[in-house]
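Input: a single structure, listed below in structure tokens.
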Amino acid sequence: SIFTGGRVTQEFLDELEEVLIQSDVGLKAAMALRDRIQEENKKRNLKTPEELFGVMEEMVAEILEGVSEPLRTAPSGPTVYVLVGVNGAGKTTTIGKLAERWRGQGKSVIMAAADTFRAAAQEQLAVWAKRTGSTIIAHQSGSDPGAVAFDAVRAAISRGVDLVLVDTAGRLHTKGNLMEELKKIIRVIGRELPGAPHEVILVIDGTTGQNGLNQARVFAEAAGVTGVCITKLDGSSKGGIAVAIADELGLPIKLVGVGESADDLRDFDARAFAKALFA
Amino acid sequence: GLSARLAGVFKKLRGKGKLSEKDIDEALREVRLSLLEADVNFKVVREFIAQVKEKSLSAEVLESLTPAQQVIKIVHEEMVELLGGKAKPLDLSGNPPAVVVLYGLQGSGKTTTAGKLALNLRKSGRRVLLVSCDVYRPAAQRQLEILAEKSGAGFFTMDPGTDPAAIARGGYEKARTGAYDVVIFDTAGRTQLDDEMMDEAARIRDAVSPRESILVVDAMTGQEACKVAQAFDEKVGLTGIILTKIDSDARGGAALSIAKVTGKPIKFASTGEKLEDFQVFHPDRMASRILG
Ligand SMILES: Nc1nc2c(ncn2[C@@H]2O[C@H](COP(=O)(O)OP(=O)(O)OP(=O)(O)O)[C@@H](O)[C@H]2O)c(=O)[nH]1
Ligand SMILES: Nc1nc2c(ncn2[C@@H]2O[C@H](COP(=O)(O)OP(=O)(O)OP(=O)(O)O)[C@@H](O)[C@H]2O)c(=O)[nH]1
Ligand SMILES: [Mg+2]
Ligand SMILES: [Mg+2]
């Protein structure tokens with residue numbers, strides 16, 4: 001048995017470390033948490049597995065809560081969110097979900113189809129605009145993404161629209177020229193509307209392993225990420241990379257995607273997330 | 001990298017004459033850490049290390065003047081073997097049209113891969129039909145239609161309200177009567193936890209009896225790669241894997257995990273967003289990359 005005579009054994013700590021590794025928190029975080037729980041056990045003399053898992057959940061929740069922040073909105077005028085991230089993470093779908101949420105509150109939404117590169121990217125966003133009753137601003141395929149973002153912010157200001165959601169093309173953080181393009185899109189938005197974008201949301205696929213940390217590091221540095229959305233947590237992956245991102249980079253996890261429908265978006269709940277890691 | 005870390009471990013143990021099993025264990029701990037950092041599944045790492053240990057307890061290693069190099073050599077060889085030894089081609093044997101179906105998690109790169117495969121086959125002079133069985137994702141059918149135009153392939157689909165298996169049957173008929181050499185079916189992204197969607201995957205397979213049933217996997221996938229691949233393999237019977245987005249800096253340990261649990265060959269690697277960014281998979285290059 002894992003606890004012998006009420007003491008925590010090395011076997012149990014090994015198993016605990018494996019549960020953490022299995023959830024993609026990464027080796028560094030797993031080993032650090034293992035050391036901390038060992039210390040904690042010396043102090044508190046934990047008697048049962050339930051107690052120990054409880055303390056572990058607490059530690060993970062604290063790491064996530066420590067950097068948490070709500071989604072920002074503009075004090076007046078349009079709020080602008082830019083969604084960024086690597087290819088296929090779930091940016092376009094998350095924009096659809098955010099639009100659904102704001103429309104549900106009676107707010108007006110403009111979607112900027114600033115992915116002018118990928119096949120049918122604008123058509124995909126147009127479907128979401130139709131589904132959510134949002135306006136879409138799009139240019140020709142291959143046109144300058146900054147110009148699309150510019151037009152969308154301009155339109156929002158002149159029409160008194162509440163929210164602008166800027167969809168960007170998937171891009172690997174390893175591609176310098178694409179990261180420069182992203183910086184330009186964000187600069188253009190900021191020049192047109194001071195204080196914007198109010199959120200640069202990094203979308204991370206919940207099935208991602210340790211590369212998610214590299215992604216977050218580079219996007220944070222280049223694009224000034226203000227919050228993270230972890231998608232696809234309705235799959236079997238636990239999204240533990242969120243822990244590494246919060247712990248090492250101090251980025252707040254703000255949203256979670258749990259499916260492909262318009263209402264499959266949740267505010268990040270650190271406690272629930274920590275609990276699910278050990279479920 | 002790993003070589004330096006292993007060399008460091010063995011340097012500490014030098015001057016003791018012949019190495020012991022305990023020394024090998026210490027060295028293999030470094031290998032274990034490296035593989036976990038590379039996202040190889042922790043169970044696969046455990047089995048892999050046991051395999052490597054067995055091979056490392058030989059006179060060749062224990063009495064070597066350069067044991068670190070010997071261990072790395074064994075690790076690399078075992079990995080290359082697991083990853084499929086040498087590159088395996090697409091199976092297009094039998095009467096045309098050869099049927100290829102692509103499956104995978106949401107966003108793994110299936111639709112783009114369908115276009116790349118089509119271009120690749122077109123370059124060898126084959127007539128290719130691309131069929132979209134994705135009636136769920138907004139503009140998925142249009143996305144594949146554009147890729148068909150770009151790759152010089154034919155395109156087929158039906159109204160989004162149609163059952164994907166019925167679209168598959170229709171696509172197969174068109175491929176047969178239209179004298180296509182290969183017909184590639186793009187399916188909707190799905191998670192293996194969705195029973196209904198996994199049943200649909202099996203029905204698509206039953207509708208067209210594929211020569212190749214391929215799992216399209218993102219190179220950055222983490223620990224769950226094993227469970228995902230196993231579930232798809234059990235449900236539809238995979239014949240091969242395609243690894244995508246290896247133009248990233250992901251170490252790609254998922255490739256090793258999947259190769260280990262399914263035993264199926266990784267046939268291609270997708271190396272970018274353009275249709276030309278597509279190569280035959282090289283196990284030796286992947287092994288070096290995973291080891292880091
Ligand atoms: N199961 C599940 N699927 C999701 C979730 N979020 C997005 N997806 C799916 O993931 C796939 C990719 O989503 P997109 O929104 O196109 O991703 P993207 O980041 O815009 O992709 P690119 O623009 O090509 O880089 C689609 O099939 C979505 O339906 C989620 O939370 N759960
Ligand atoms: N950098 C890079 N991007 C890729 C590669 N393969 C595909 N992509 C991109 O990844 C994103 C997702 O590709 P899709 O082909 O839409 O993926 P999918 O599996 O069909 O997605 P769903 O149908 O929603 O499940 C797109 O932005 C592609 O351009 C690759 O090898 N490298
Ligand atoms: Mg998109
Ligand atoms: Mg697709």
Side-chain angles (χ1 to χ4, degrees), chain A residues 17-28 30-31 86-93 96 117-128 130-131 141 169-175 178 205-212 214-215 218 231-232 234-241 257 259-260, chain B residues 32-43 45-46 105-112 115 136-147 149-150 188-194 217-228 231 244-245 247-254 272-273 275:
Chain A
E17 195 178 77
E18 282 189 345
V19 167
L20 287 168
I21 289 172
Q22 208 175 346
S23 70
D24 287 319
V25 302
L27 202 50
K28 188 158 174 246
M31 286 164 67
V86 303
N87 308 72
K91 299 174 290 299
T92 306
T93 307
F117 172 75
R118 205 208 69 213
Q122 292 153 321
E123 288 90 324
Q124 182 185 6
L125 193 66
V127 172
W128 280 108
K130 193 152 186 282
R131 277 183 187 175
S141 176
R171 69 200 68 226
L172 293 183
H173 51 292
T174 47
K175 309 213 164 155
L178 296 182
D205 187 323
T207 68
T208 305
Q210 297 314 294
N211 195 251
N214 294 22
Q215 294 171 26
V218 176
T231 59
K232 308 176 194 173
D234 47 312
S236 63
S237 294
K238 302 279 175 141
I241 195 63
E260 304 188 67
Chain B
R32 174 178 175 271
L33 294 182
S34 178
L35 293 176
L36 287 174
E37 283 167 359
D39 289 323
V40 182
N41 178 273
F42 77 103
K43 285 203 186 107
V45 171
R46 194 184 300 147
L105 295 178
Q106 289 88 346
S108 63
K110 298 172 291 300
T111 305
T112 311
Y136 308 101
R137 169 171 157 156
Q141 291 161 314
R142 177 65 191 141
Q143 184 186 1
L144 189 64
E145 184 174 35
I146 292 171
L147 298 183
E149 287 163 26
K150 283 190 169 171
R190 68 202 67 222
T191 109
Q192 83 280 9
L193 300 183
D194 189 332
V217 181
D218 194 322
M220 60 166 143
T221 309
Q223 294 284 312
E224 284 300 294
C226 283
K227 291 221 181 90
V228 172
T244 62
K245 307 178 204 172
D247 44 319
S248 73
D249 57 354
R251 298 258 299 268
E273 297 190 66
L275 292 189

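Chain A is the first sequence line, chain B the second, and so forth, proteins listed ahead of strands; every chain is numbered from 1.
- When all heavy atoms of B:A139 and A:A120 are compared, the pair lying nearest together is O-CB, 3.8 Å.
- Of the candidates B:K43, B:Q223, B:R46, A:E18 forms a side-chain contact (heavy atoms from CB on, under 4.5 Å) with just one, namely B:R46.
- Between the side chain of B:D39 and the backbone N or O of A:Q210 there is at least one donor-acceptor pair closer than 3.5 Å.
- Contact annotation for A:Q215: only side-chain heavy atoms (C-beta onward) come within less than 4.5 Å of a heavy atom of chain B.
- With a 4.5 Å cut-off on side-chain heavy atoms, A:E123 and B:Q141 do not count as touching.
- With A:K232 contributing its side chain and B:Q106 its backbone, the two residues share a donor-acceptor pair below 3.5 Å.
- For B:L33, the parts lying under 4.5 angstrom from a heavy atom of chain A are both the backbone and the side chain.
- Atom CZ of residue B:F42 and atom CD of residue A:Q22 lie 4.0 Å apart, to the nearest 0.5 angstrom.
- There is no side-chain donor-acceptor pair under 3.5 Å between A:Q124 and B:Q143.
- At a 4.5 Å heavy-atom cutoff, the contact between A:K175 and chain B is made by side-chain atoms alone.
- From A:L172, atom CG reaches atom CE of B:M220 across 7.0 Å, with rounding to the nearest 0.5 Å.
- Between chain B and the residues A:G212, A:A121, A:G88, the most heavy-atom pairs under 4.5 angstrom are made by A:G88.
- Taking each heavy atom of A:F117 and B:E273 in turn, the nearest pair found is CE2-OE1, 3.4 Å.
- Counting heavy atoms from C-beta outward, A:T207 and B:D218 have side chains that stay 4.5 Å or more apart.
- In this structure, A:D24 contributes its side chain and B:G222 its backbone to no donor-acceptor pair below 3.5 Å.
- In terms of heavy-atom pairs under 4.5 Å with chain B, the best-connected choice from A:T93, A:T231, A:T174 is A:T174.
- Considering only heavy-atom pairs separated by less than 4.5 Å from chain A, the leading option among B:A219, B:P138, B:S248, B:S108 is B:P138.
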Could you walk me through whether B:D249 and A:H173 pass the side-chain contact (heavy atoms from CB on, under 4.5 Å) test, one step at a time?
-> CA-CA 9 Å; B:D249 57 354; A:H173 51 292; 2.8 Å; yes
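- Residues B:Q192 and A:S236 bring a donor and an acceptor atom of their side chains to less than 3.5 Å of each other.
- Summarising the geometry, atom OG belonging to A:S141 is positioned 7.5 Å from atom CD1 belonging to B:I146; distances are rounded to the nearest 0.5 Å.
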Dump the intermediate steps for side-chain contact (heavy atoms from CB on, under 4.5 Å) on A:I21 and B:L36, then the final yes or no.
-> CA-CA 8 Å; A:I21 289 172; B:L36 287 174; 3.9 Å; yes
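- For the atom pair CZ (A:R118) and OG1 (B:T111), the distance works out to 8.5 Å, reported to the nearest 0.5 Å.
- Interatomic distance, B:D194 CG to A:D234 CG, rounded to the nearest 0.5 Å: 8.5 Å.
- Per-residue counts of heavy-atom pairs under 4.5 Å with chain A were compared for B:K150, B:R137, B:R190; the largest is that of B:R137.
- Separation of atoms OG1 (B:T244) and CG (A:N87) is listed at 9.0 Å; rounding is to 0.5 Å.
- Considering all non-hydrogen atoms of both residues, A:G235 and B:L193 come closest at C-CD1, 3.5 Å.
- Side-chain contact between A:N211 and B:R251 is absent, with no heavy atoms from C-beta onward closer than 4.5 Å.
- Using a 4.5 Å cut-off between heavy atoms, A:L27 contacts chain B through its side chain alone, with no backbone atom that close.
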